[in-house]
Each structure stands twice: as structure tokens, then as C-alpha cells.
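Report on one structure; see the data block that follows.
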Amino acid sequence: MAEQQELAAEEHIRYIVTAEKKKDSFESLVMEHLRASGAYWGLTTLDLLHKLHAVDASEVVDWIMSCYHPESGGFGGNVGHDPHVLYTLSAVQVLCLFDRLDVLDADKVADYVTGLQNEDGSFSGDIWGEVDTRFSYISLCTLSLLHRLHKINVEKAVEYIVSCKNLDGGFGAMPGGESHAGQIFCCVGALAITGSLHHVDRDLLGWWLCERQCRDGGLNGRPEKLADVCYSWWVLSSLIMIDRVHWIDKEKLAKFILNCQDKENGGISDRPDNAVDIYHTYFGVAGLSLMEYPGVKPMDPAYALPLGVVNRIFLSKQQ
Ligand SMILES: CN(C(=O)[C@H](Cc1cnc[nH]1)NC(=O)OCc1ccccc1)[C@@H](Cc1ccccc1)C(=O)N[C@@H](Cc1ccc(O)cc1)C(=O)NO
Ligand SMILES: [Zn+2]
């Protein structure tokens, strides 16, 4: 009988809190250009493990705002980096965690995102124009969190996402793009946020998604690929949004994630015995959250934020 694995929560907390401080580590340098996303991954993990209070909120908020470009309304991935929707969402999500959306000029940020919608309803990531369904999700998620979805053409945005649906029920980065679990999360999440999930064939897509489970219990991103912890989020959140999560073996998946932990130094890797990183630590804990693992806060599958944070944004009295 394999020994009973459990979540080394205290070690993961220590790993994240010290990683936040280490600016010159290899990982920090590699992730330099997407440090705002790294903050979102690390801080959301701390919140899921009931430890967000372990960091100084105003210090984080000040750092996030130092990545803001007041003239465009967008955020860069680090101080002095050009604005991009990727990091604008990460910044908004971090401010949501601390309930500090009050520091934003929400109309200005919404105008930045709105300005990136194209004629065909698609979204570009920044002024250089790259189009990808990732940016559709990011834009719709950002505008929704700011209560400003009315600023864009939602119908056209939905129409473009549906044009990226494949015969296998999945979605790609653009029309005709190969189905990939990451892109499927983005398209299903965007459809969920806009109340347009009726465009999804739940049984066909559910089948493609549950087929991602490998013999080792982990989930991969495409057929024939190796299982990887981060797909615990991309695949699982999509299955939950289309109400087909019972089609995979959650116990085996949880064991795979727990088997990817470094239980001495903290952190979770993409697969057993590989190097841990903040990204896979977040997606591993988020995957466990989606499976209601004891001691981990529940997560909203579409907004990729703790449920308590989403409820505070959408159910609060003052709007
Ligand atoms: C840029 N990036 C990736 O390309 C990772 C690389 C990887 C990790 N494990 C396997 N490959 N891949 C990735 O994020 O794929 C998921 C995905 C692809 C396309 C669309 C949506 C999700 C990672 C960073 C990374 C690089 C290298 C090693 C680990 C992490 C990354 O920042 N991914 C972004 C992808 C993304 C961006 C925006 C979204 O709305 C959704 C997803 C992310 O998760 N942001 O929160
Ligand atoms: Zn991965």
C-alpha cells in the first residue's frame, strides 16, 4: 500500500514567503518579465492555505502599482516593463485578493483592455497586436472583475471564441488552432464569465478532457503528452465549468499532485522528482482546491481566484 501522502502546507507557505523576498534567485531572474504573474501565483496560493496575512498587503499593493502605466491604463510584468493584458489581469487579481480595487482608476484600466478588441471580436495582448484566445479570456475576466463588461462588444467576443471551436469539441488559440487544455480553459472560462456556455458540447468536450488523465493519475495538456501538475488546473477547472468532473478519478489525480511535492524545502514541481517552482506550486494547490482537499480554501474555476474573493466582488452590497 503506497504510504498516505499529505499536503506539506507549512513548507509550501515558507517556500513562497522566502521566494517573494529572494530577488536574485535563478527562478526570480527567469521569471523577471512576468513577476506580476508570479505575485498572483504566490499570493493566491498563500490565500488558499489561509496565510495571506503572512505578507505586508501595502508593500505588495505599492509594488503592483509601480508596474502601472498611468498614460495607457495597463500594467507591465515588472517595474518599467511595457503594459500587456497578461500582467494587467495578474495585477487586478492581486488587488482583488487584498480587497484593494479602490487604488485603481477602473475606467482607465478598462479603457486599456477595451482598446485591444479587434473588429472580429478577438483581442490582442498589447499594442503589437498578437491575437490569441488567451487574451479573450484575460480581457473578459479583467473587465468582469472591474464591473465594466459593458464597455466592449461581448457578443462579438463570444462569436470569435466560438469560431475557435474544433470538431473534437475543444478550442485552440485561433480559428483552426489545435485543441490544447490551456486554450480550452481560456475559452470555456470566457464563455462561463459571459453566460455563454450553451455554445459548448459538454459530452464531446468532457470526453476530450477526461481522456487527458494518464496511467499515473496525472493530467496532460494534449493526447500522447506526459502528465504535468499545471494541467490539474487547466483540465479540472474546465471539467467543473461544464459539469463533467465526475468523469475523472480525483483520488488518483490528488495522489499525483501530492507526489510532486518537495516535502523538505516546500514547493511543487510539474512532475515527480523535477525542480519545484512557484507556478506549479500554485497550480498544484489550486487543483487540490478544486477537489475540495481538506485545509485548502475553495476556488472559483472561471475567475481563478478564491471563492470568498469572488463572492466579495460580485455579491457585496456597495457596487
Ligand atoms: C509562459 N508560461 C507557459 O508557457 C507555461 C509553460 C509550461 C508550464 N508547464 C508546461 N508548460 N505553459 C502554460 O502556461 O500553458 C498553459 C496555457 C497555454 C496556453 C493558454 C493558456 C494556458 C507560464 C510561465 C511558465 C513558463 C515556463 C515554465 C513554467 C511556467 C505562464 O505564465 N503561463 C500563463 C499562461 C496563461 C496566460 C494567461 C491566461 O489567461 C491563462 C494562462 C499563466 O498561467 N498565467 O497565469
Ligand atoms: Zn506545467
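Note that ligands are numbered from 1 as they come in the structure, with each ligand's atoms numbered from 1 the same way. Computed from a predicted structure; not experimentally measured.
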- Nearest protein heavy atom under 4.0 Å from atom 45 (N) of ligand 1, yes or no: yes

- Only one of L305, L34, L89 forms a side chain to side chain contact (heavy atoms under 4.5 Å, CB included) with Y40, so which one is it? L305

- Which of the atoms in ligand 1, numbered in the order shown and given with their element, are less than 4.0 Å from a heavy-atom of C230? 9 (N)

- Item | Atom indices of ligand 1, in the order listed, that fall short of 4.0 Å to a heavy atom of G182 | 17 (C), 20 (C), 21 (C), 22 (C)

- Region of S37 engaging ligand 1 - heavy atom pairs below 4.0 Å: neither

- Query: Is it true that K151 and D107 have a side-chain N and a carboxylate O under 4.0 angstrom from each other?
  - Reply: yes

- Message: If we set the cut-off at 4.0 Å for heavy atoms, which region of L86 has an atom near ligand 1: side chain, backbone, both, or neither?
- Response: side chain

- Charged N-O contact under 4.0 Å between R271 and D216: no

- Message: I'd like to know if E10 pairs up with K263 as an ion pair, taking the criterion as any Lys NZ or Arg NE/NH1/NH2 lying under 4.0 Å from an Asp or Glu carboxylate oxygen.
- Response: no

- Task: Measure the distance from atom 26 (C) of ligand 1 to every protein heavy atom, then report the residue, atom name and distance (to 0.1 Å) of the closest one.
- Result: M31 CE, 4.4 Å

- Output yes when a protein non-hydrogen atom is found under 4.0 Å of atom 42 (C) of ligand 1, and no otherwise. yes

- Task: With the side chain counted from C-beta on, respond yes when T114 and L143 share a heavy-atom pair under 4.5 Å apart, and no when they do not.
- Result: yes

- Message: Does only the side chain of F185 get under 4.0 Å from ligand 1, or the backbone, or both, or neither? Count heavy atoms.
- Response: neither

- Item | Polar atom proximity, Q183 to ligand 1 (N or O, under 3.5 Å) | no

- Roughly how far apart are S232 OG and I248 CD1, rounded to 0.5 Å? 8.5 Å

- Message: As a test of the contact definition, would atom 5 (C) of ligand 1 count as having a protein heavy-atom neighbour under 4.0 Å?
- Response: yes

- Task: Can you measure from OG (S144) to NE2 (H150) and round to the nearest 0.5 angstrom?
- Result: 11.5 Å

- Under 4.5 Å between any side-chain heavy atoms of T45 and I13, yes or no? no

- Can you check whether a protein heavy atom sits less than 4.0 angstrom from atom 38 (C) of ligand 1? yes

- Do M174 and Y160 have side chains that get closer than 4.5 Å, going by heavy atoms? yes

- Item | H280 neighbourhood, listing ligand 1 atoms whose heavy-atom distance to it stays under 4.0 Å | 8 (C), 9 (N)

- Query: Where the Zn ion (ligand 2) is the corner point, what angle links NE2 of H280 with SG of C230, to 10°?
  - Reply: 120°

- Looking at atom 34 (C) of ligand 1, is any protein heavy atom nearer than 4.0 Å to it? no

- Item | Heavy atom of protein closer than 4.0 angstrom to atom 2 (N) of ligand 1 | no

- Message: Tell me the protein heavy atom at minimum distance from atom 31 (C) of ligand 1, and give that distance in Å.
- Response: Y279 CE1, 3.7 Å

- Message: Below 4.0 angstrom, counting only protein heavy atoms, does anything approach atom 18 (C) of ligand 1?
- Response: yes

- Task: Report the part of F283 (side chain from C-beta onward, or backbone N, CA, C, O) that has a heavy atom under 4.0 Å from ligand 1; answer both or neither where that applies.
- Result: side chain

- Task: Specify whether H147 and F314 have parallel, tilted or perpendicular ring planes, treating 30° as the upper limit for parallel and 60° as the lower limit for perpendicular.
- Result: perpendicular

- Item | Numbered atoms of ligand 1 (with element) below 4.0 Å of H180, judged on heavy atoms | 18 (C)

- Message: Taking N, O or S atoms only and a limit of 2.8 Å, check whether D228 reaches the Zn ion (ligand 2).
- Response: yes

- Task: Go through ligand 1 atom by atom and flag the ones less than 4.0 Å from a non-hydrogen atom of Y137.
- Result: 40 (O)

- Within 4.0 Å of atom 13 (C) of ligand 1 (strictly less), any protein heavy atom? yes

- Contact (N/O only, under 3.5 Å) between D228 and ligand 1: yes

- Query: Which value, rounded to the nearest 0.5 Å, describes the distance between T44 atom OG1 and F283 atom CZ?
  - Reply: 9.5 Å

- Mind checking whether C186 contacts ligand 1 via backbone (N, CA, C, O), side chain (CB onward), both or neither, at a 4.0 Å heavy-atom cut-off? side chain

- Do the non-hydrogen side-chain atoms of L43 and F98 ever get within less than 4.5 Å of each other? yes

- Item | Ionic contact status for E178 with R222, cut-off 4.0 Å | yes

- Atom pair CZ (R35) and SG (C67), whose distance is rounded to the nearest 0.5 Å: 9.0 Å

